[in-house]
Number of protein chains: 2
Amino acid sequence: MSSTPTTKERIVIASAELFRRQGYTGTGVKQIVAAAQAPFGSLYHHFPGGKEQLGEQVIRIAGGMYGELVSAVFDPAPDVVTGTEQVFTLAAQHLAESDYADACPIATIALEIASSSEPMRIATAEVFEGWLEKLASRFTAAGIDPATARTLALTTLSLLEGAFVLCRAARTTEALLAAGTQAAAAVRAALPEA
Amino acid sequence: MSSTPTTKERIVIASAELFRRQGYTGTGVKQIVAAAQAPFGSLYHHFPGGKEQLGEQVIRIAGGMYGELVSAVFDPAPDVVTGTEQVFTLAAQHLAESDYADACPIATIALEIASSSEPMRIATAEVFEGWLEKLASRFTAAGIDPATARTLALTTLSLLEGAFVLCRAARTTEALLAAGTQAAAAVRAALPEA
DNA sequence: GTCTATAATTTGATAGAC
DNA sequence: GTCTATCAAATTATAGAC
């Protein structure tokens, strides 16, 4: 299985962790290969497009993994309302436990490169869109009409991403907890009569 | 008045614009002095603490100006509900007009340096806290109790910041408009009976 | 595919003349 | 206070041996 990660995998994993904490421009390729315990040349062997191609891959892979993680929290919940709240509660817990470092794996990169790298910008847009569709499908499965489900997905993800910004700055979980309460309430209000 | 901005002012203004579009680590000091049409040495004359001190000042000054801008949109509105919605609507309009570059002036920096620069992190936290108190005071003035007003301020700002992330990535205003609708609805629901 | 050495450029920062 | 020349270090990237 994943007992012996390949050099390429180690580079991607190390990049994902560093990008999440320091951002894309704030992380050097030397730092990446050092953290991945990989030789310098391997990076350009596996990613001929250099740092930008690596960044794009990291966005897609880390974004996909985070989507799975959210699903793993959301799906076992008894209903969509508590599922929604659980996502925010656990995100707050994980953020605090990581000393306010581990929030969204791609938000920092997304803001940094939105106006300077189209390949990476498109990657962030597609990852976000995937999350939105996943969220919306959970809401429609609970009987909410598609248009409302789309709006709810947008506001839920906006609340999560925005609260991450405030919480990392303040080193508090206050915003995430308030956001989770409002997100859950909005989902409850959109639910059809029982 | 401001007909002839000083060298120091030009440096701060140029930095604020570049940081907002490219982030803190993505902007070089050489690029800053070039944009400000200032000699290189002037930067270190006015900011002996170097780039980090400049960053902290930019956060506080640009953050203060953005707070004033939001107030200028919020206050003339007939009531807090439409004031809230107006902020999101105009933010969406301004974002689209700037080719999806001009969103929050400090969010990108906040995420970049949250785990690496305490002086800058504290500056972002204090600016956000100032905005939150300003927002909460508008809500309490409308008859909402302080605890609810605080929660509403947190969720409103989270919605705005998160929607900025999604909108810059997707190059759409969809998230900002959805966020504005939910923010306004939440304020309306918290209002005391007429 | 792995790894090292190094190129070419840019980074933040300083010294010192004016 | 203004401006230039320059530094040491770090940056991304490449060449080429193994």
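Since we're looking at a predicted model, the values are computed, not measured. Numbered from 1 within each chain, the chains take letters A, B, ... in sequence-line order.
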Summarise protein proximity over nucleotides 2-13 of chain D in one line of letters, 5' to 3': B for base, S for sugar-phosphate only, - for none, counting protein heavy atoms closer than 4.0 Å. BBBB-----BBB
Please report, rounded to the nearest Å, how far the [atom2] atom of [N] is from the [atom1] atom of [X].
X	N	atom1	atom2	answer
B:Ile32	C:dA13	CD1	C1'	13 Å
B:Gln22	C:dT11	CD	P	10 Å
B:Leu43	C:dA15	CG	C1'	16 Å
B:Leu54	C:dT11	CG	P	15 Å

Using a distance-only test with no angle check, is there a side-chain donor-acceptor pair under 3.5 angstrom linking B:Arg138 and B:Ser71? yes
Side chains of A:Arg21 and B:Ser116: any donor to acceptor distance under 3.5 Å? no
Passing option when B:Val187 is tested against B:Thr148, B:Val81, B:Leu135, B:Thr82 for side chain to side chain contact (heavy atoms under 4.5 Å, CB included): B:Val81
Assign the ring pair B:Phe128 / B:Trp131 to parallel, tilted or perpendicular, where the plane angle (0 to 90°) is split at 30° and 60°. perpendicular
Ignoring hydrogens and angles, write down the donor-acceptor pairs under 3.5 Å from the side chains of residues 173-185 of chain B, residues two or more places apart or on other chains.
unit_1	atom_1	unit_2	atom_2	d
B:Glu174	OE1	A:Arg150	NH2	2.9
B:Glu174	OE2	A:Arg150	NE	2.9
B:Glu174	OE2	A:Arg150	NH2	3.4
B:Thr181	OG1	B:Leu177	O	3.0
B:Gln182	NE2	A:Thr155	OG1	2.9

Rounded to the nearest 0.5 Å, how far apart are CZ of B:Phe74 and NZ of B:Lys134? 11.5 Å
